[in-house]
Peer 1: 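I have a structure I would like to understand better, so I am pasting it below and will then ask my questions one at a time.
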Number of protein chains: 2
Amino acid sequence: MELLEKTLAAIAPVDQEMMKQARERVDFLLKPVGSLGVLEDIAVSVAGITGQMHPDLSKKAVLVFAGDHGVFVEGVAAAPQEVTALMANMCVAGKSGVAALSKQAGADVFVCDVGMICDIDPKGGILDKKIRKGTANMRVEAAMTRDEAIAALEAGIDMANRAIGNGYQILGTGEVGICNTTPSAAIFSVLGDVDAGELTGAGANLSEEKMLVKAQVIRDAIALNKPDKNDGIDVLAKVGGLEIGAMAGTMLAGAAKKVPVVVDGFISTAAAAIAITLKPEVKDYLICSHASAEKGAAFGSEFIGAKPFLNMGMRLGEGSGAALAFNIVDAALSMNKEMATYGEVGLGVV
Amino acid sequence: MELLEKTLAAIAPVDQEMMKQARERVDFLLKPVGSLGVLEDIAVSVAGITGQMHPDLSKKAVLVFAGDHGVFVEGVAAAPQEVTALMANMCVAGKSGVAALSKQAGADVFVCDVGMICDIDPKGGILDKKIRKGTANMRVEAAMTRDEAIAALEAGIDMANRAIGNGYQILGTGEVGICNTTPSAAIFSVLGDVDAGELTGAGANLSEEKMLVKAQVIRDAIALNKPDKNDGIDVLAKVGGLEIGAMAGTMLAGAAKKVPVVVDGFISTAAAAIAITLKPEVKDYLICSHASAEKGAAFGSEFIGAKPFLNMGMRLGEGSGAALAFNIVDAALSMNKEMATYGEVGLGVV
């Protein structure tokens, strides 16, 4: 609890004065005002986050958290549960989607077990911060205890703090966890006061029939556990997931250290919603990159007030959208740094 | 005419067999089928274009064509006409938007004058393929002669052929040309049989009042010149632009040499529409990247059957969206090359 409290206390609003300066500069770059759209907004945003006009964000990492879910037994996933560990290992081996996209983007991938059901090989490259072997089945009890939820948040904080300590300047959050669209939908159902049916999508290619089951499982879990929507830790504990907590923790740590965190897709956004519930100022430290094709994603983005700018029909998870978006952030920095201003060429703004 | 005819004759359909193989491979990559969305489609598309499963597209160039427009005198632009040459020089100097974004994407920028009103310094770095000093005012006569339109197309073909000869493996098309959203809207108005008012946007921050003028100018130009919508050269000559012709030529040359050409935004898409009118097979050699914020862009993309995947609110032109999209193409290639297949890890497809 101490690490969480310390982290929450360290989160200050982004640097408004630097954002104003960055907006002025961006408006004076040699182009019609506003004509580089989202790139302009990202340049202003990272200036506010870092307090620097031209931050160096070249050292990049995606932190991938792995966890399993007791609610799997309700038949809410298309893939077998062993795939969580398989994919965690594939991330380490450089063979997963996020690994391939991170390689292209010049980012490193770190994989951390916070709650897989299997034992992991300590020499296998997956960092061990296991809190418990999978959550409980939220349809019959709380997914985890309050202390475990705090431990999940703190695992993410610790991983992010270590990465930042090692010089990483921008982070992405990723996850592997078979059936974790179910707790993600549950989180938004609680926080957004909306029926689970509105949020329940195909995940990893679930059938129509199973989608109906999935929505009912979420309704049952919420009715049983009665999470308090004003208490992010309570929501995380009762209907969330261990890896979702760790992702939220990463976002909190990024905000506390003024390091931008790229959020993609549905599960990341659910984690962001938890982080924002704990500390609203976190929102401005997040770069919400990717509009997932998962059904609840549009609701999730709107709920946290994000306008994702990549529209690629992706719904893989793992942090794949974050890795891809690192390129766009780099482009925004290059725009702000390399372009001339109207002043430099002796012209007025068009 | 000979170069154009030779190029058109050399354009064959993309390699369907290689696309089938690529789709099979992509479907067997370690992810739910379809879950990397547009990245999967791009990987399949470039396999079909190049005839290779894992093409090397690391040597990249944006070809920026510069031209002025006689219709400027009708008051259809927010910026002074001198900005065309200024921006052409800024592209060479690395200080424009496309230059900044190309630097980030690892692409080279080549600038070619096909029709600026000013004389250019032969030592200034802008390649000289000037056909005439600006088009004529299409509201009172054809923008150019048929021979000049063919020369514009051939200038683009020659530039692309030279770039490809020098080892460039993927091209983007860009332009500078104050008021060239006007001929672009005119092209779609003719080819798509739609009133200019539906296509006329703010360009570089034009006022509401001037937008009405712009639409009427386009209507008048079409009524006067009566371009034949089935003859792309006729449309280009009567209501098009020199740089638009050169961009279309670049697309034709790319298709003839099996080199992907990235198309972005409104003016590129108008050029693509001309190229496709001349040879429908060209369409499959284009990677349509970016949904421009310019009003007619959505119509234009739909007209050529493209689904742009970058949704960044950009409307700068210059090829800025193409430069940005090079990153996404690289990501698609990395996905196809670096990810393991289900077969390699001994699993069935999820």
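Every value quoted in this text rests on a predicted model; they were computed, and no experiment measured them. Convention: sequence-line order gives letters A, B, ...; per-chain numbering from 1.
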Peer 1: Between the side chain of A:Ser35 and the main-chain N/O of B:Arg315, is any donor-acceptor distance below 3.5 Å?
Peer 2: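 Not at all, since once roles are kept as given, no pair shorter than 3.5 Å links the two residues.
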
Peer 1: Can you tell me how far OH of B:Tyr342 sits from CG of A:Leu86, rounded to the nearest 0.5 angstrom?
Peer 2: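 Answer rounded to 0.5 Å: 8.5 Å.
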
Peer 1: Among B:Ile42, B:Leu101, B:Asp41, which has the most heavy-atom pairs under 4.5 Å with chain A?
Peer 2: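 Top option by heavy-atom pairs under 4.5 Å: B:Leu101.
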
Peer 1: Heavy-atom pairs under 4.5 Å with chain A - which of B:Thr341, B:Val345, B:Asn311 has more of them than the others?
Peer 2: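 Counting heavy-atom pairs under 4.5 Å, the top option is B:Asn311.
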
Peer 1: With only heavy atoms counted, which part of B:Ala331 is less than 4.5 Å from chain A, the side chain, the backbone, both or neither?
Peer 2: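 Both backbone and side chain of B:Ala331 come within 4.5 Å of chain A.
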
Peer 1: What part of B:Leu333 gets closer than 4.5 Å to chain A, counting heavy atoms only: side chain, backbone, both or neither?
Peer 2: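 No part of it gets close to chain A.
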
Peer 1: Return the minimal non-hydrogen interatomic distance between B:Met314 and A:Leu39, and the atom names on each side.
Peer 2: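 In this case the closest contact between B:Met314 and A:Leu39 is SD-CD1, 4.0 Å.
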
Peer 1: If I compare all heavy atoms of B:Ala100 with all of A:Ser334, which pair ends up nearest, and what's the gap?
Peer 2: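 For B:Ala100 and A:Ser334, the tightest heavy-atom pair comes out as O-OG, 2.7 Å.
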
Peer 1: Counting only non-hydrogen atoms closer than 4.5 Å, does B:Ser96 touch chain A with its backbone (N, CA, C, O), its side chain (CB onward), both, or neither?
Peer 2: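 Only the backbone of B:Ser96 comes within 4.5 Å of chain A.
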
Peer 1: So for atom NZ, which belongs to A:Lys103, do other residues, nucleotides or ligands contribute more than 12 heavy atoms lying within a distance under 6.0 Å?
Peer 2: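 Open.
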
Peer 1: For each of B:Glu318, B:Lys307, B:Met90, tally heavy-atom pairs with chain A at distances under 4.5 Å, and name the one with the top tally.
Peer 2: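 Heavy-atom pair counts peak at B:Met90.
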
Peer 1: Need one label for B:Met312: side chain, backbone, both or neither, based on atoms under 4.5 Å from any heavy atom in chain A.
Peer 2: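 Both backbone and side chain.
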
Peer 1: When heavy-atom pairs shorter than 4.5 Å are enumerated against chain A, which of B:Met339, B:Met87, B:Glu82 gives the highest number?
Peer 2: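 Sorted descending by pairs with chain A, the first entry is B:Met339.
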
Peer 1: Roughly how far, to the nearest 0.5 Å, is the CE atom of B:Met335 from the CD atom of A:Gln104?
Peer 2: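 Between A:Gln104 CD and B:Met335 CE, I get 12.0 Å after rounding to 0.5 Å.
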
Peer 1: Could you tell me which of A:Lys337, A:Glu344, A:Glu338 has the largest number of non-hydrogen atom pairs under 4.5 Å with chain B?
Peer 2: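 Result: the option with the highest number of such pairs is A:Glu338.
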
Peer 1: Check the surroundings of atom CD in A:Glu302: do more than 12 heavy atoms from other residues, nucleotides or ligands lie under 6.0 Å from it?
Peer 2: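 No, CD of A:Glu302 has 12 or fewer neighbouring heavy atoms, counting only those of other groups under 6.0 Å.
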
Peer 1: Can you find a heavy atom in the side chain of A:Leu324 that is under 4.5 Å from one in the side chain of B:Ile328?
Peer 2: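 Yes, side chains in contact.
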
